Amino acid sequence: MPFPWRGPVDVSFFLQPTNVLAKALLGTVLVHDTPEGLTAGRIVEVEMYQGPWDKAAHSYGGRMTERTRIMYEDAGHAYVYFIYGMHYCLNVVSGPHGAPEAILIRALEPLEGLELMAQRRRLAWPRKGLCELTNGPGKLAQAMGITKRQYGWHLAHSALRLYHDQDPLPDNQLATGPRINVNYAEEAALYPWRFWVAGHACLSVKNRA
DNA sequence: AGAGAGATTTCCT
DNA sequence: GGAAATCTCTCTT
């Protein structure tokens, strides 16, 4: 019975530079406690976005809209956005207050509540493997029951929260590369701001291509 | 395995 | 009007 793993993260966990926090998130466990049940998954792939100078960031140029407002708040809040008219994506707000930085959660390894995840994903049962429940940003939001409702929640003390589980990832298991689907962002499209657990089975499909 | 279309909100020009 | 921090399905090699 793994839950509650090693222990919940403290607010101070989020007060690290974004590039440090992005790597520290790998291996931590995201938990969502809902009336329908508890789901949990280990973070295995992330991307960081550092507005206002990052052309791929929603906050590029200091843009602040109703959608991006939370990016300017304290680190640790959830930034959830709706994309392509279909999907939600979860980010961890990062950086100092007023600095619009965030870390996109791109893939999880499913750990708890697998049947509920499959139900939310409308999969009778994963045919190709459990990873297909959560191996992409839109998929994991759906499997974890994350929608705009969770926008602005704090990941240290809400029903959507993070747990430490293992020691920090050793350097030889950390892989780095350009971010996915940001080709429009000119030089920023090449920044190596995607981080993942090397060789993990549950990486997003595009990461493995 | 790889390409293409469709789902259709939020934001920018 | 058009593209986007995506995914699933279908058609073609």
Side-chain angles (χ1 to χ4, degrees), chain A residues 18-19 21-23 25-26 30 41 43-73 75 77-95 99-110 117-152 155 175-196 201-209:
Chain A
T18 296
N19 61 329
L21 177 60
K23 296 167 191 169
L25 285 172
L26 295 174
L30 181 69
I43 297 175
V44 297
E45 181 181 342
V46 301
E47 282 176 357
M48 68 174 196
Y49 289 84
Q50 285 197 295
W53 299 282
D54 175 4
K55 287 182 179 168
H58 292 160
S59 53
Y60 174 59
R63 287 197 306 255
M64 180 157 61
T65 63
E66 183 64 21
R67 181 176 68 154
T68 60
R69 176 184 57 76
I70 198 70
M71 289 184 77
Y72 294 79
E73 295 300 324
H77 287 99
Y79 168 40
V80 182
Y81 66 88
F82 194 55
I83 190 70
Y84 299 123
M86 291 283 293
H87 302 286
Y88 294 97
C89 294
L90 171 67
N91 295 248
V92 180
V93 172
S94 178
E101 304 177 4
I103 299 159
L104 171 67
I105 309 303
R106 287 196 56 88
L108 300 177
E109 173 191 347
M117 286 187 183
Q119 186 182 321
R120 285 171 173 155
R121 294 264 294 116
R122 284 155 220 240
L123 297 174
W125 191 250
R127 290 196 290 259
K128 303 168 200 158
L130 289 175
C131 290
E132 74 180 287
L133 291 170
T134 53
N135 59 356
K139 294 176 182 179
L140 74 89
Q142 187 179 29
M144 295 288 289
I146 295 167
T147 68
K148 283 217 103 83
R149 207 175 155 71
Q150 283 72 41
Y151 182 96
L155 296 168
T176 301
R179 294 170 293 180
I180 304 283
N181 286 355
V182 296
N183 307 319
Y184 59 90
E186 300 172 19
E187 79 280 359
L190 300 175
Y191 297 167
W193 285 358
R194 178 163 47 101
F195 308 106
W196 67 93
C202 297
L203 299 175
S204 66
V205 173
K206 291 205 168 176
N207 189 13
R208 287 181 290 167

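Worth saying up front: this structure is predicted, and the values here are computed from it rather than measured. The sequence lines fix the lettering, A, B, ..., with proteins before strands; numbering per chain opens at 1.
- Remark: B:dA3 base-pairs with C:dT10; criterion is Watson-Crick or G-U wobble with both hydrogen-bond distances under 3.5 Å.
- Between A:Arg121 and the phosphate of C:dT8, there is a side-chain N or O to OP1/OP2 separation shorter than 4.0 Å.
- Side-chain proximity of A:Pro137 to the nucleotides B:dC11, B:dA7, C:dT6 is greatest for C:dT6.
- Taking atom NZ of A:Lys55 as the reference point, atom P of C:dA5 lies 15 Å away to the nearest angstrom.
- With hydrogens and angles ignored, the 3.5 Å screen pairs a side-chain donor or acceptor of A:Asn91 with a backbone N or O of A:Tyr79.
- Rounded to an integer number of Å, the gap from A:Phe82 CZ to B:dA7 P is 14 Å.
- For C:dA5, neither phosphate oxygen OP1 nor OP2 lies less than 4.0 angstrom from any side-chain nitrogen or oxygen of A:Arg106.
- For the C1' atom pair drawn from C:dT8 and B:dT10, the interatomic distance equals 22 Å after rounding to whole Å.
- If you check C:dT6, B:dA7, B:dC11 against the side chain of A:Tyr84, the one that comes closest is C:dT6.
- A:Tyr151 places a side-chain N or O within donor-acceptor distance of the main-chain N or O of A:Arg67, the cut-off being under 3.5 Å.
- If you take CD1 of A:Ile105 and C1' of C:dT6, they are 16 Å apart, rounded to a whole angstrom.
- Between the P atom of B:dA7 and the CD1 atom of A:Ile83 lies a distance of 17 Å, rounded to the nearest Å.
- The separation of C:dA5 from B:dA3, taken at their C1' atoms, amounts to 22 Å, rounded to a whole angstrom.
- A donor and an acceptor atom never sit less than 3.5 Å apart when one is taken from the side chain of A:Tyr184 and the other from the base of C:dA3.
- Nucleotide C:dA5 has no partner under the Watson-Crick or G-U criteria, as no pair reaches both atom distances under 3.5 Å.
- In this entry the distance linking CG of A:Leu123 with P of C:dC7 reads 13 Å, nearest Å.
- Comparing A:Met86 and A:Lys148 against DNA chain B, the residue whose closest nucleotide sits nearer the 5' end is A:Met86.
- Of the candidates B:dC11, C:dC7, C:dA4, C:dC7 carries the atom nearest the A:His87 side chain, counting heavy atoms from C-beta on.
- In this structure, the CZ atom of A:Arg69 is 16 Å from the C1' atom of B:dT10, given to the nearest Å.
- The backbone N or O of A:Thr18 lies less than 3.5 Å from no partner atom in the side chain of A:Gln50, so there is not a single donor-acceptor pair.
- Looking at every heavy atom in both residues, A:Ser59 comes nearest to A:Met71 through OG-CE, 3.4 Å.
- Taking atom CD1 of A:Ile180 as the reference point, atom P of C:dA4 lies 15 Å away to the nearest angstrom.
- Between A:Asn181 and C:dT6 there is a side-chain N or O to OP1 or OP2 distance below 4.0 Å.
- An OP1 or OP2 oxygen of B:dC11 is reached within less than 4.0 angstrom by no side-chain nitrogen or oxygen of A:His58.
- In terms of phosphate contacts, A:Arg122 brings no side-chain nitrogen or oxygen within less than 4.0 Å of OP1 or OP2 of C:dT8.
- If you check every strand for non-hydrogen atoms under 4.0 Å, A:Arg179 touches nothing.
- Note on A:Lys55 versus A:Glu186: salt bridge recorded, some NZ/NE/NH1/NH2 to OD/OE distance being below 4.0 Å.
- Within the 4.0 Å cut-off from OP1 or OP2 of C:dA5, not a single side-chain nitrogen or oxygen of A:Lys206 is found.
- For A:Tyr79, whose side chain is taken as the heavy atoms from C-beta onward, the closest listed nucleotide among B:dC12, C:dT6, C:dA5 is C:dA5.
- Considering CH2 of A:Trp193 and CD1 of A:Ile103, their distance stands at 11.5 Å, rounded to 0.5 Å.
- Atom CD of A:Glu47 and atom P of C:dA5 are 10 Å apart (whole Å).
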